[in-house]
Amino acid sequence: MATPESPYGPSTAENVAGSKPVRLPRLLAAKAEGTRLTMITAYDSLTAAIFDAAGMDMILVGDSIGNVMLGHGSTLPVSLDEMVVATRGVASAVERAFVIADLPFGTYEASPEQALASAVRLVKAGANAVKLEGGRPRADAIRTLTDAGIPVMGHLGFTPQSVNTLGGFRVQGRGEEGEKLLADALAIEEAGVMGMVLEMVPEQVAARVTEALAVPTIGIGAGAHCDGQVLVWSDMAGMTEWRPRFAKQFGRVGDALRQAALEYAAAVREGSFPAPEHWFSS
Ligand code: KIV
């Protein structure tokens with residue numbers, strides 16, 4: 001899975017496994033120890049190498065690739081072939097983080113057999129685990145995948161693949177819906193998930209679910225009581241002007257990139273690049 005040496009050198013930060021690769025038992029033990037887990041998305045080897053060197057515990061090859069990289073308005077158009085390519089790129093660059101790849105819409109809902117065939121492709125591309133969306137109706141698929149040796153991360157709350165039934169990008173689990181969310185969380189834990197993402201869930205509901213489960217919860221817009229947090233890397237790094245309430249920009253990488261491109265173009269136009277140190281003589 002890993003390249004012999006990261007282009008970013010040895011990792012500069014520790015993850016839950018110290019200097020060793022993160023394996024499933026470490027992630028499960030982290031909850032019992034009260035160690036918060038870190039997860040970020042990546043869709044290619046370039047960014048995956050940077051996040052791995054930064055000591056991320058988990059790297060998610062999210063189907064948010066549809067919105068972030070492929071120019072779609074949702075995750076729905078993302079294909080399994082696209083996820084396989086992205087997973088291969090990420091896994092090729094990661095030396096320590098646990099790589100989780102999303103099963104895209106339409107590749108696991110029909111039957112446990114369909115889910116297994118799709119998940120096998122992602123594991124062969126280098127994923128350590130797969131993620132799928134939904135509660136109790138996904139229990140059979142989760143059982144089939146875990147029986148086949150494939151760890152499964154669940155995803156409850158706002159589940160982007162169901163945007164059409166959820167009526168848009170909105171908080172889930174308010175009021176009586178909180179009980180259903182808890183029941184779904186317990187059902188997929190019983191089916192064997194290794195943990196679950198809670199997306200856009202009231203923080204009190206996320207706290208209740210986290211308390212009720214033995215497996216870790218990873219929040220995004222779900223408050224501070226989850227066992228870990230996940231962000232989409234382009235939101236975290238400030239690549240665009242998109243600032244969802246639940247994301248914090250820890251940098252302004254988009255501005256830095258735009259400035260570098262401006263300076264490059266200006267240097268070419270004024271003739272200061274390339275300079276002698278950039279060319280070869282006969
Ligand atoms: O696809 C994705 O990026 C996700 C995260 C929002 C958890 O599922």
Side-chain angles (χ1 to χ4, degrees), residues 27 36-44 47-48 51 56-80 82-87 89-90 97-109 118-119 122 125 127-135 138 142 151-163 166 168-173 181 185 188 193-201 206 209-210 215-223 226-237 239-240 242-249:
L27 294 173
R36 290 204 180 92
L37 293 166
T38 58
M39 178 156 112
I40 194 163
T41 67
Y43 316 102
D44 55 45
T47 50
F51 302 145
M56 284 290 155
D57 299 321
M58 291 171 277
I59 295 185
L60 172 66
V61 190
D63 61 352
S64 51
I65 190 174
N67 313 67
V68 177
M69 306 296 289
L70 303 179
H72 302 308
S74 77
T75 60
L76 298 178
V78 175
S79 70
L80 188 58
E82 288 164 338
M83 290 302 299
V84 166
V85 170
T87 302
V90 168
F98 192 80
V99 176
I100 303 173
D102 264 337
L103 283 166
F105 176 64
T107 69
Y108 62 96
E109 303 87 337
S118 302
L122 295 175
N128 301 117
V130 299
K131 176 164 80 60
L132 53 75
E133 297 182 5
R138 302 287 165 253
I142 291 164
V152 181
M153 173 75 81
H155 186 153
L156 297 177
F158 177 70
T159 44
Q161 294 174 12
S162 303
V163 64
L166 297 179
F169 190 72
R170 50 170 61 142
V171 175
Q172 302 294 313
L181 203 143
I188 64 173
V193 291
M194 56 167 281
M196 65 191 70
V197 167
L198 297 178
E199 180 166 358
M200 289 179 72
V201 170
V209 171
T210 301
V215 296
T217 58
I218 311 295
I220 175 164
C226 293
D227 299 303
Q229 297 290 325
V230 57
L231 282 178
V232 170
W233 87 258
S234 50
D235 297 343
M236 182 282 299
M239 282 297 286
T240 68
W242 164 249
R243 285 169 185 254
R245 176 181 166 141
F246 53 74
K248 176 174 172 180
Q249 292 189 344

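Whatever order the structure lists them in is the order used to number ligands and atoms, beginning at 1. Along the sequence shown, residues are numbered consecutively beginning with 1. The analysis underlying the following values was restricted to heavy atoms, covering all of them including side chains, and did not include hydrogens, waters or symmetry mates.
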If you scan protein heavy atoms around atom 4 (C) of ligand 1, the nearest is L60 CD2, 3.6 Å
Check ligand 1 against H155 and write out every atom of the ligand that is under 4.0 Å from a heavy-atom position of the residue.
8 (O)
Pairs of nitrogen or oxygen atoms closer than 3.5 Å, one from D63 and one from ligand 1: do any exist?
yes
Mind checking whether F169 and F158 have parallel, tilted or perpendicular rings, split at 30° and 60°?
perpendicular
Between A247 and D235 the two heavy atoms that sit nearest each other are CB-CB, 3.8 Å
Close-contact set for ligand 1 against D102 heavy atoms, below 4.0 Å
1 (O), 2 (C), 8 (O)
On a heavy-atom basis, which atom in A127 and which in T87 lie closest, and how many Å separate them?
N-CG2, 3.7 Å
Number the atoms of ligand 1 from 1 as they appear, then name those within less than 4.0 Å of a heavy atom of T41, with their elements.
3 (O)
Minimum heavy-atom separation for E133 and Q161, please, with both atom names.
OE1-N, 2.9 Å
Would you mind checking which non-hydrogen protein atom is closest to atom 2 (C) of ligand 1, with the distance to 0.1 Å?
S64 OG, 3.2 Å
Any heavy atom of K131 sitting closer than 4.0 Å to ligand 1?
yes
Below 4.5 Å, heavy atoms only, C-beta onward: do L198 and L181 meet side chain to side chain?
yes
Rounding to 0.5 Å, atoms CD (E82) and CE (M69) come to a distance of 11.5 Å
